[in-house]
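This is a predicted model, so every value here is computed, not measured.
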Amino acid sequence: MRASNRERVLTLLRTRGPMSQADLARASGLSPATISSIARDLREAGWLADGEADGPSRGRALALSRSAGVAVGIDFGHSHVRVAVADLAHTVLAEAEEPLDVDHEAHEGVALAGRLVRTLLGEVGVAADRVTGVGMGLPGPLRRDSGEVGDSAILPGWIGARPEQLMHAELGLPVRVENDANLGALAEIVWGAGRDCADLVYVKVATGVGAGLVLSGRLYHGAGGTAGEIGHVTIDEAGPVCRCGNRGCLEAFAGADAVLDPLRRRHGDRLTLRQVVLQAQAGDVGCQRVIADAGRALGLAVAGVCNLLAPERVVVGGELARAGDLLLDPLRATVRRSAIAATREIPVVAGVLGERAEVLGAVALVLRESQRFVAEPTAVGG
């Protein structure tokens, strides 16, 4: 029983970050005296470090010490790979990013990510055997039965690849892979606009459009692992052909090509989503119009998701979400018009983590989902 209670406390601190003893007692169901005794034992064994004061009447927060291990996150975007290393108290220790050609092959991306991971671990002085796990994100569906990347992935060089096996072979560490929208959802729950939500929909609007679904506090994958492919919901059967082969998908109205194509004649072929957002915020009416059109298209799909799942909150992230209310106001208006009465007032808010959301979500995946702990704390770098 003592070992079970200790494991319960360690798991809470890993998944939620620093907590006061009072919060630990409430979350675990253990008595304050039991929590106090376990905390004393864990501190003496080197598992715990005292965090910042957690309010005037609640004492100092307890947090897992860095010697208890670190988590690694890897995010593959359309044209980049980003890596982060964090301790088990949810503090990011180091980050790095490198560009990648959009047509790179999976083995090339894995090799680059592996080099970045080893470099960052060296910078923070942590040996590989102190890594509790590696979380990894990719922009596309992952088949749970085979571990393969689905054929609607943004990165063509990864289609059919088995990223978990490839990264495990590169690093020799336990690896867990998710699509990028799922990781955005986890990040916003742990660090961002979805904190304290048990039921959340995260919509990522960037090169493509995807959704991460958190139901009852856990990621929802569906039977085949591809739940959340909101970008391929049909919103107009007579609409343009999508890269998936269907007509009228949401992504064909709100993805990067849908936003950029109407503007390229005026702004040039090298126009990017970030430039569109900046020019819209500076008053360019053409850029404002295409962003609003994307928002209305998103609203149709989000309304359907709200009717079906009734989440506590919808969080919108990705590059286009930088447009703020230029995107969100028409999205919200469409949800209010198209959703049923019980769900039309569900809050739709912007994510707060920006371009770091997915790599932080990869770290959160390890902190929340991995069950592996290193055997005993040791000196960092030992």
Side-chain polar contacts of residues 324-340 - donor-acceptor pairs under 3.5 angstrom, sequence neighbours left out - could you list them?
from   : atom 1 : to     : atom 2 : distance (Å)
Asp325 : OD1    : Arg332 : NH1    : 3.2
Asp329 : OD1    : Arg332 : NH1    : 3.1
Arg332 : NE     : Val348 : O      : 2.9
Arg332 : NH2    : Val348 : O      : 2.9
Thr334 : OG1    : Pro330 : O      : 2.9
Ser338 : OG     : Thr334 : O      : 3.1

Would you say Val316 ends up clustered with Leu183 if hydrophobic residues are merged whenever their side chains have heavy atoms under 4.5 Å apart, either directly or through other cluster members?
no
Leu121 with Val110, same ILVMFWY side-chain cluster at under 4.5 Å
yes
Considering all heavy atoms of both residues, which atom of [X] and which atom of [Y] are nearest to each other, and what is their separation?
X	Y	value
Ala181	Ala211	CB-C, 3.5 Å
Pro163	Val149	CD-CG2, 3.8 Å
Asp103	Asp101	N-OD1, 2.7 Å

Between Ser31 and Thr34, is there a side-chain donor-acceptor contact under 3.5 Å, judged purely by atom types and distance?
yes
Answer with yes or no whether the side chains of His107 and Glu170 bring together a donor and an acceptor at under 3.5 Å.
no
Return the set of residues passing side chain to side chain donor-acceptor pair (under 3.5 Å) with Glu95 (not counting sequence neighbours), or none when no residue passes.
Arg356
Hey, is the main chain of Val70 close enough, under 3.5 Å, to the side chain of Thr132 for a donor-acceptor pair?
yes
Could you note down all residue pairs passing ring-ring contact (aromatic ring centres under 6.0 Å, His included) where residues 293-323 supplies at least one of them, sequence neighbours left out?
none
For residues 281-304, run the donor-acceptor check on the side chains, cut-off 3.5 Å, and write out each pair with its distance to 0.1 Å, sequence neighbours left out.
from   : atom 1 : to     : atom 2 : distance (Å)
Gln281 : NE2    : Arg322 : O      : 2.9
Asp284 : OD1    : Gly286 : N      : 3.0
Asp284 : OD1    : Cys287 : N      : 2.9
Gln288 : NE2    : Ala280 : O      : 3.0
Arg289 : NE     : Asp293 : OD1    : 3.0
Arg289 : NE     : Asp293 : OD2    : 3.4
Asp293 : OD1    : Arg296 : NH2    : 2.7

Just how far is it from atom CG of Leu365 to atom CZ of Arg176, taken to the nearest 0.5 Å?
5.0 Å
So NE2 of His168 and CG of Leu166: to nearest 0.5 Å the spacing works out to 11.5 Å
Using distance only, find each side-chain donor-acceptor pair of residues 190-210 under 3.5 Å and give its atom names and separation, not counting sequence neighbours.
from   : atom 1 : to     : atom 2 : distance (Å)
Asp199 : OD1    : Ser216 : N      : 3.0
Tyr202 : OH     : Glu358 : OE2    : 3.4
Lys204 : NZ     : Asp180 : OD2    : 2.9

Check residues 73-85 and write down every donor-acceptor pair under 3.5 Å in which the side-chain atom is one partner and the other belongs to a residue at least two apart or another chain.
from  : atom 1 : to     : atom 2 : distance (Å)
Asp75 : OD2    : His80  : NE2    : 3.0
His80 : NE2    : Arg82  : NH1    : 3.4
Arg82 : NE     : Glu97  : OE1    : 3.3
Arg82 : NH1    : Glu355 : O      : 2.8
Arg82 : NH2    : Glu97  : OE1    : 2.7
Arg82 : NH2    : Glu97  : OE2    : 3.4

Between Val9 and Asn5, does a side chain to side chain contact (heavy atoms under 4.5 Å, CB included) hold up when you go through it step by step?
CA-CA 6 Å; Val9 170; Asn5 289 342; 5.8 Å; no
With a 4.0 Å cut-off on N to O distance, would you call Arg162 and Glu164 a salt bridge?
no
